[in-house]
Amino acid sequence: MGEFLIILVSAILVNNFVLARFLGICPFLGVSKKTDTALGMGMAVTFVMTLASIFTNLIYNQVLIPFHLEYLQIVTFILIIASLVQLVETVLRKTSPALYHALGIYLPLITTNCAILGLALLNIIKNYDLVRSIVFALGAGIGFTLALLIMSGMRERLEFADVPKVLRGVPIALIVAGLLSMAFMGFSGLVKM
């Protein structure tokens, strides 16, 4: 149980996919303008990460390894992730049209989100079994959502702040992202993995 907690905390805080590994920066900066949109994107990415982790682990261990097709892992993982994103896109279009339109182009871009592919590859590199890869995926998704929510809260407050004209918009967002990343680096001594 302790090992699962270490994997979870490490993925959320210590090795946060956005703020420590710098994966998934495009949706991080693109969707973090409003908190409700950030929460929706975070939940969608967490869902896709968890399912992708399950399917990539099973297919890698049950199909690619036994048939000595490990060299097809990236292509296989991308196909799995793309299929899952299409599923999420269809479900969101039917159940929450407002969130679907708010996420816009960033929803299909989950397919090419390097955080999800990075998660699948890290599961293989770390040699995680199915349960550990699910815990790692949940932690990575929660960490991604946490980073999005913190950034969206800061960006919403910056809308009303007296920011110099040259720093408004993207420049101040990048500065805040850098400061937030440095703050998360403070967790680096928390868990040794």
* **side-chain contact (heavy atoms from CB on, under 4.5 Å) assessment of Ile54 paired with Asn57** => CA-CA 5 Å; Ile54 293 168; Asn57 186 292; over 6 Å; no
* **Derivation of the side-chain contact (heavy atoms from CB on, under 4.5 Å) call for Lys94 and Tyr100** => CA-CA 9 Å; Lys94 299 287 184 192; Tyr100 173 76; over 6 Å; no
* To do: Applying side-chain contact (heavy atoms from CB on, under 4.5 Å), run through Ile74 and Leu121 and close with a yes or a no.
  => CA-CA 8 Å; Ile74 292 177; Leu121 294 173; 4.2 Å; yes
* To do: For Val63 and Phe67, run side-chain contact (heavy atoms from CB on, under 4.5 Å): C-alpha distance rounded to whole Å, both residues' side-chain angles, the deciding distance at 0.1 Å, then the answer.
  => CA-CA 6 Å; Val63 177; Phe67 292 104; 4.3 Å; yes
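Looking at Thr56 and Asn123, their side chains never bring a donor and an acceptor atom within 3.5 Å of each other.
Here Leu130 contributes atom CG and Gln62 contributes atom CD; the two are 9.5 Å apart, rounded to the nearest 0.5 Å. To the nearest 0.5 angstrom, Met49 atom CE is 5.5 Å from Ile116 atom CD1. Once rounded to the nearest 0.5 Å, the distance linking CE of Met154 with CD1 of Ile172 reads 10.0 Å. In this structure, the separation between CD1 on Ile12 and CZ on Phe17 is 11.5 Å, given to the nearest 0.5 Å. To the nearest 0.5 angstrom, Ile134 atom CD1 is 6.5 Å from Ser53 atom OG. Expressed to the nearest 0.5 Å, how far CZ of Phe28 lies from CE of Met151 amounts to 4.5 Å.
Remark: the backbone N or O of Pro108 is not paired with any side-chain donor or acceptor of Glu89 at under 3.5 angstrom. The backbone N or O of Ser32 sits nowhere less than 3.5 Å from a side-chain atom of Ser152 that would complete a donor-acceptor pair.
Cluster membership check: Val48 shares its hydrophobic cluster with Ile25, using side-chain heavy-atom separations under 4.5 Å among Ile, Leu, Val, Met, Phe, Trp and Tyr. Follow the hydrophobic side-chain contacts under 4.5 Å out from Ile142 and you never reach Met43; the two are in separate clusters. In terms of hydrophobic clustering, with Ile, Leu, Val, Met, Phe, Trp and Tyr side chains grouped at heavy-atom distances under 4.5 Å, Ile78 and Leu69 are assigned to a common cluster. Both Leu72 and Phe77 sit in one connected hydrophobic cluster of ILVMFWY residues. Membership requires side-chain heavy atoms under 4.5 Å apart, directly or through other members. Neither Leu13 nor Leu149 shares a network with the other; the hydrophobic side chains, linked directly or stepwise wherever heavy atoms of I, L, V, M, F, W or Y lie under 4.5 Å apart, form separate groups for each.
Leu174 places a side-chain heavy atom less than 4.5 Å from the side chain of Leu29. By the 4.5 Å heavy-atom criterion applied to side chains, Asn15 and Arg21 are counted as neighbours. Looking only at side-chain heavy atoms (C-beta outward), Ile7 and Tyr128 come within less than 4.5 Å of each other. Residues Phe55 and Ser83 form no side-chain contact, since every pair of their non-hydrogen atoms from C-beta on lies 4.5 Å or further apart. Taking 4.5 Å as the limit, some side-chain heavy atom of Phe4 sits within range of a side-chain heavy atom of Val131. Taking the side chain as every heavy atom from C-beta outward, Leu19 and Met182 never approach each other to under 4.5 Å. Counting only heavy atoms from C-beta outward, the side chains of Tyr60 and Ile124 approach each other to under 4.5 Å. Pro27 is not listed as a side-chain neighbour of Val45, based on a closest heavy-atom distance of 4.5 Å or more.
Taking all atoms of both residues into account, the shortest heavy-atom contact from Ile175 to Leu167 is CD1-CD2, 4.1 Å. Of all heavy-atom pairs spanning Gly143 and Asn16, the tightest one is O-ND2, 3.0 Å. Pairing each heavy atom of Val18 with each of Gly24, the nearest pair is CG2-O, 4.4 Å. Leu138 approaches Leu8 most closely through the heavy-atom pair C-CD1, 4.3 Å. Ala38 and Leu148 get closest at one heavy-atom pair: O-CD1, 3.6 Å. The shortest non-hydrogen separation linking Arg155 to Lys33 is NH2-CE, 3.4 Å.
Between Glu3 and Arg132 there is a salt bridge, with a side-chain nitrogen of the basic residue lying less than 4.0 Å from a carboxylate oxygen of the acidic one.
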